[in-house]
*Asks:* 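I have a structure here, written as structure tokens, and I will follow up with some questions on it.
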Amino acid sequence: MQRSQINEILESGDAFFRSFGYVLPPFAYWSPDQMRAPEASMIVERGMGWDITDYGQGKFDELGLFLFTVRNGDPADLGSGRGMLYAEKIMISRKDQLSPMHRHIVKAEDIINRGGGTLVLELFTSAEDGSIDREGDVSVPVDGRMRTLPAGGRLKLDPGESVTLMPGIWHAFWGEGDDVLIGEVSTVNDDRTDNVFEMPIPRFTTVEEDEPPVRLLVSDYENLD
Ligand SMILES: [Fe+2]
């Protein structure tokens with residue numbers, strides 16, 4: 001994606017969050033230089049902050065996702081089973097904008113419709129080798145009640161509703177009718193290693209620097225001086 005496009009999307013996404021009364025933490029507005037300072041080291045190490053992706057396919061309106069990681073623990077604590085083993089994200093799925101089919105290895109996630117349109121999730125369970133099981137039913141908790149759908153069934157969440165996706169549940173999602181504000185509460189998360197996509201696509205975009213960044217993305221952190 002071009003940096004100018006990212007700067008624009010970032011500004012409109014922030015306005016969308018605020019239109020629901022959702023206000024981001026102060027580090028959301030730190031300059032690239034502030035993000036390079038030692039004060040930002042925990043934020044950078046844990047991959048907190050802005051995350052705009054087109055999955056490397058160059059058609060953000062059709063295939064993409066806007067995320068902000070508000071908090072994230074340390075995956076090293078998973079071994080002991082104690083500590084900050086959780087994460088929180090706030091996201092935007094635009095109307096008819098697909099987040100492509102994927103599953104997670106470690107992360108369980110609650111995907112929450114926090115407002116806007118209807119959030120549609122297409123769901124599959126995993127075969128024994130981890131690939132998509134295109135035959136078997138898929139069962140997921142939806143706000144404390146189990147729901148069972150046929151393979152590839154579409155779960156529709158209206159504002160206020162949520163689903164729990166355990167590791168291994170294949171999922172793709174998009175907004176229907178309008179853009180959707182999505183909350184995510186999950187296991188501590190490393191997005192560099194914990195996404196398995198159906199198609200061979202990268203998790204993060206590649207940036208073409210046609211103007212200076214207003215804010216850094218999580219995917220920029222590995223290129224910090
Ligand atoms: Fe996911």
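Index from 1, following the sequence. Just so you know, ligand 1 is whichever comes first in the structure, and atom 1 is the first atom listed for that ligand. Predicted model, so just to flag it, every value in this text is computed and none were measured.
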*Asks:* Regarding Asp133 and Thr125, is there a side-chain donor-to-acceptor distance under 3.5 Å anywhere?
*Replies:* no
*Asks:* In the protein, how many N/O/S atoms are under 2.8 Å from the Fe ion (ligand 1)?
*Replies:* 4
*Asks:* Check ring-ring contact (aromatic ring centres under 6.0 Å, His included) between Phe16 and all other residues, then give those that pass, not counting sequence neighbours.
*Replies:*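 Phe16: ring-ring contact (aromatic ring centres under 6.0 Å, His included) contacts with Phe20.
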*Asks:* Quick one: side-chain contact (heavy atoms from CB on, under 4.5 Å) partners of Gln97, sequence neighbours excluded?
*Replies:*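 Partners of Gln97 under the side-chain contact (heavy atoms from CB on, under 4.5 Å) test: Phe60, Arg94.
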*Asks:* Does one side chain, of His102 or Glu198, offer a donor that lies under 3.5 Å from an acceptor on the other?
*Replies:*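 Judged by distance alone, the side chains do not pair up.
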*Asks:* Give every donor-acceptor pair under 3.5 Å between a side-chain atom in residues 175-183 and any protein atom, sequence neighbours left out.
*Replies:*
from   : atom 1 : to     : atom 2 : distance (Å)
Glu176 : OE1    : Lys156 : NZ     : 3.0
Glu176 : OE2    : Lys156 : NZ     : 3.1
Asp179 : OD1    : Lys95  : N      : 2.9

*Asks:* Quick test of your reading of the model: are Lys107 and Glu184 salt-bridged, counting only N-O distances below 4.0 Å?
*Replies:* yes
